[in-house]
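Note sheet for the following structure.
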Amino acid sequence: MSEKKVLLKIENLVKYFPIRAGVFKRIIAWVKAVDDVSFEIYEGETVGLVGESGCGKTTIGMTLLRLYEPTSGRIIVGNEDTTYYFMPYFKAKKYIKKTYIKKFENEDPEKFTGIDKKYYELYKQLGESGFYSKLLSNIKEKRSEFRKTMQIVFQDPYSSLNPRIRIKTIVSEGPVMHKVIKKSEIIDKVKAALEEVGIHGDHMYRFPHQFSGGQRQRIGMARALLMNPKLIVADEAVAALDVSIRSQVINLMLDLQKKHNLTYLFISHDLSVIKYISDRVVVMYLGKIVENAPKKVLFEDPLHPYTKALMSAIPVPNPDYKKKRIILTGDVPSPVNPPSGCRFHPRCPVAKEICSKEEPPLKEIQPGHFVACHFPGSLK
Amino acid sequence: MEKKPLLEVKNLKTYFYTEDGIVKAVDGVDFEVYPGETLGIVGESGSGKSVTSLSIMRLLDPNGEIIEGSQIIFEGKNLLELSDDEMRKIRGNDIAMIFQEPMVALNPVFTIGEQIMEAILLHQDVSKTEARKMAIEMLQKVGIPEPEKRIDEYPHELSGGMRQRAMIAMALSCRPKLLIADEPTTALDVTIQAQILELMKELQKEYGMAIILITHDVGVIAENADRVVVMYGGMVMETANVRELFKEMRHPYTWGLLNSLPRLDIEQERLYNIPGIVPDPLHFPPGCRFNTRCEFADEKCRKEIPPLYEVNKEHFSRCFYYQKVEEAQKLKKAGESA
Amino acid sequence: MNTELKRTLRKLFKNPSAILGFSLLTFFIIVAIFAPLISPPINPMFPDENGNPMKLDNPYIMPILSWSSDPVPPSKDHPFGMIAGRDILYGVVWGTRTAFKIGLIVVTASTFFGIIIGSIAGYFGGWVDEVLMRITDVFLSIPFLLAAMVLTTILGSGLDKVMIAMIIFGWMATARLIRANILQVKEEQFVLAAKALGIKNYIIILRHILPNTIFPVLVQATMRLGSLVITAAALSFLGLGAPIGYADWGSMLNYTRNYILGASGQALAYWYTVFYPGIAMVLFVLAWNLVGDALRDVFDPKLK
């Protein structure tokens with residue numbers, strides 16, 4: 001694992017949505033959709049992000065692609081901090097000042113690692129104004145580069161393709177804009193991309209409503225693929241499909257991953273799909289990561305009570321399969337007023353006093369196995 | 001199983017007349033439900049599973065029609081021959097139904113208490129105060145906390161899981177003999193789904209009612225049904241006792257379906273693919289409905305619709321080659337993994 | 001798409017009300033185009049030197065053919081009868097042109113302003129939305145007839161002034177509709193996908209948002225086109241609109257004010273004075289409504 005390159009690093013990501021009310025649309029509360037989440041994605045692996053509705057998994061995907069602006073935190077792609085890429089100029093400048101300049105002026109440079117170290121050297125070399133202009137220059141190219149690196153496939157096969165334009169335009173508009181393909185190549189490239197996902201190339205002149213749900217999901221894959229991305233975020237990409245179609249699309253995604261050396265962030269509520277497709281699994285509950293481990297470890301030895309309960313709740317298509325049922329009581333609380341301490345404690349069968357008071361940090365219990373629980377493994 | 005069936009569906013055909021042609025949503029379906037058991041009906045979109053349940057309740061859209069010759073016999077009475085008034089008495093009283101989206105079944109402008117009481121008052125001879133007491137009891141039974149308070153809340157004030165519980169309370173308030181649950185947990189999170197399914201099991205034990213559990217989720221079927229009907233393209237493909245179906249399936253569609261599922265209980269190298277797409281109910285292929293996607297289909301399958309063959313007393317398969325299915329699939333699987 | 005188009009057309013022409021709508025509309029268009037042939041713009045009362053009837057300078061001013069202002073029942077020369085010395089047929093025929101003129105100009109202009117205001121409010125949201133929508137509310141809260149009267153008092157009466165009033169007070173429904181549609185489409189996954197692809201904002205708006213929001217607006221505009229003529233007629237009837245003698249259905253009804261009740265003992269004595277302009281108006285409104293309905297069926301991809 002250690003020799004693998006980190007493709008994406010999310011640090012302390014926070015995304016709050018305001019709730020407004022009244023005549024002047026004052027902010028009366030915040031939906032704490034994602035609250036201080038950190039994890040890494042290595043090149044070529046599939047990370048499964050699993051959790052129930054309201055846990056913030058979709059928000060993470062959307063924030064990664066900058067369809068939402070993060071409230072705070074860092075999104076590092078490869079060796080670059082991309083957090084400020086889509087901010088207006090002055091906001092971006094403020095971000096750089098807050099995140100780097102202040103740190104460089106006040107903290108011990110010896111302790112800097114990773115991106116901080118890299119940027120500190122730049123800062124020393126170029127001075128403060130040079131550092132700003134280096135980071136803020138060529139922002140258009142940086143944005144374009146970012147879009148080419150990261151793409152998304154959505155859940156709803158019916159809403160994810162514009163019903164009024166042809167498949168050819170749907171698939172090619174992005175790559176043409178970013179000059180990934182030339183205008184003269186459109187037909188050949190679109191044809192090739194469609195055939196790669198199992199759609200007849202001549203169907204590029206059709207409209208979305210002429211395809212079935214599974215075919216539309218394939219077209220959504222082709223659209224992402226033609227950008228030649230490194231990372232594809234698949235947000236519940238197979239959840240809306242029939243069982244017999246779902247396995248086709250899952251297998252297709254795996255084949256494409258091998259062929260193009262893709263990295264996936266596979267967001268799903270379905271643990272069995274996650275188990276099949278992922279190398280590593282991140283389990284979320286109410287805006288927080290509760291457990292993060294390699295797949296094998298997680299499924300053999302889940303340590304967080306929520307992970308265990310989630311696993312036992314998944315119906316298994318085998319009448320002879322004996323499992324211990326853990327039925328959680330109550331509903332998922334609202335992310336507007338999350339419970340104090342550990343957010344899972346009101347539903348947790350093994351919660352103790354400390355759980356309602358102190359929030360458990362995400363600790364690395366074994367190498368690569370992170371758990372946020374005061375009593376990991378106590379739920380038998 | 002020498003018991004008398006509670007419900008017998010015989011040769012049920014439900015067609016919809018649309019601008020584009022006739023949709024044969026259900027095309028000759030037979031099954032029985034015995035008292036106290038859970039019959040699972042599993043199928044993908046367009047398989048006709050939901051239309052079957054709506055046909056039993058006679059709640060079809062105006063453009064849908066149950067074709068002459070179909071029979072739905074409940075306790076000896078053919079429901080299709082009853083007047084609308086008689087049917088209304090059966091609905092809610094003897095047969096109740098719960099839906100995927102409780103918001104469809106619950107009226108948003110009445111409190112849940114009013115709605116449950118309405119159902120009780122309609123079918124039982126009790127006073128209003130008694131009905132209210134019964135409604136509170138019912139809410140308690142389905143696990144809604146503080147039922148005295150919740151009874152006066154409106155459906156939108158409840159969470160998804162609580163709404164589903166309220167709907168179950170409403171459906172069960174008159175102690176039906178048969179409960180039809182159409183995708184009752186599909187819209188819910190898995191931990192809530194587990195709660196609801198557990199609740200349904202408990203209530204079934206207590207009331208002794210039969211349940212028809214309609215779902216696309218094979219896992220839910222495996223854990224909750226006693227017997228299973230597998231539907232595809234408006235027809236029954238296979239029906240068997242749940243253990244047998246999952247171990248000794250005798251239809252290629254059942255086999256494909258089970259092997260294309262990602263599973264928690266076993267390690268899987270590669271998922272099986274049923275090739276092709278789910279057929280459009282306007283243009284079902286001639287012959288066996290599954291022949292366009294079946295790897296074993298031959299000329300005969302493309303021409304004739306296979307009958308339901310009896311594998312054993314409670315196992316039927318609509319495949320000409322039902323005796324060979326198991327062997328062929330085993331060979332295929334061995335070949336693939338080799 | 002071709003088969004799709006054929007299917008849509010087939011569906012359209014299976015629908016009797018759509019057929020009726022399109023035929024009525026075609027009929028009105030033909031009448032408007034061939035108005036000079038059906039009712040030549042000449043006045044035989046004033047022949048020129050060669051004995052030919054005088055050509056009218058402005059064909060929209062109905063020629064006075066008789067000095068009697070009382071209604072004259074339909075006859076061979078004047079099949080729809082006469083009122084105030086003017087031929088009713090002439091008024092109805094040339095009034096068709098006026099109706100199209102009023103309808104098309106007012107609808108085009110008010111829809112245009114509505115789309116601009118609604119789109120800005122919808123795209124940008126926040127306080128821009130808030131301000132624009134409150135302005136819209138203010139306009140909506142003013143009773144239209146009152147506002148039109150005030151405006152024509154300020155600007156002076158006349159058909160063009162009436163049209164200006166109708167434009168100024170006619171954009172709000174469109175603005176609200178397009179704003180609501182944009183708010184909805186903005187959240188569609190294909191718009192998010194386009195953003196994730198880094199597509200430029202104006203392309204997202206032009207290619208992904210507008211085509212999916214504009215059709216309900218067009219349908220609404222079509223339906224409004226007919227009813228606007230009624231509004232214009234109401235204003236003309238009140239004497240705010242077209243000048244005396246103008247070929248306009250509403251103004252023609254203005255003449256009938258004194259005759260609407262008929263003669264004593266004969267309530268229907270002057271039926272033709274109301275009937276012909278009235279029926280033209282009713283059919284015109286009906287035509288646009290039916291066409292609007294038909295377009296709704298065609299444009300809504302969900303109904304396919």
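Proteins come first, then strands; the chains are lettered A, B, ... in the order of their sequence lines, and each starts at number 1.
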Sort out for me which of [options] touches chain C most, counting heavy-atom pairs under 4.5 Å.
options: A224(A), P229(A), S160(A); result: S160(A)
options: N162(A), V153(A), L161(A); result: N162(A)
options: T169(A), V233(A), L65(A), L67(A); result: L67(A)

* Which residue pairs pass the side-chain hydrogen bond (donor to acceptor under 3.5 Å, both in side chains) test when at least one of the two sits in residues 102-121 of chain C, sequence neighbours left out? ->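 Qualifying pairs, neighbours excluded: S110(C)-R224(C).
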| query | Checking heavy atoms, do the side chain of Q151(A), its backbone, both or neither come under 4.5 Å from chain C? | reply |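 Contact with chain C: side chain only.
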Would you say D270(A) and S268(A) are linked by a side-chain donor-acceptor pair, where the criterion is simply a distance under 3.5 Å?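 No donor-acceptor contact under 3.5 Å links the two side chains.
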ask   = More than 12 heavy atoms of other residues, nucleotides or ligands under 6.0 Å from NZ of K230(A): is that the case?
value =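 No - once you tally the heavy atoms of other residues, nucleotides and ligands closer than 6.0 Å, there are 12 at most.
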**With sequence neighbours excluded, residues passing salt bridge (charged side-chain N to carboxylate O under 4.0 Å, His left out) with K15(A)** =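 Not a single residue meets the salt bridge (charged side-chain N to carboxylate O under 4.0 Å, His left out) criterion with K15(A).
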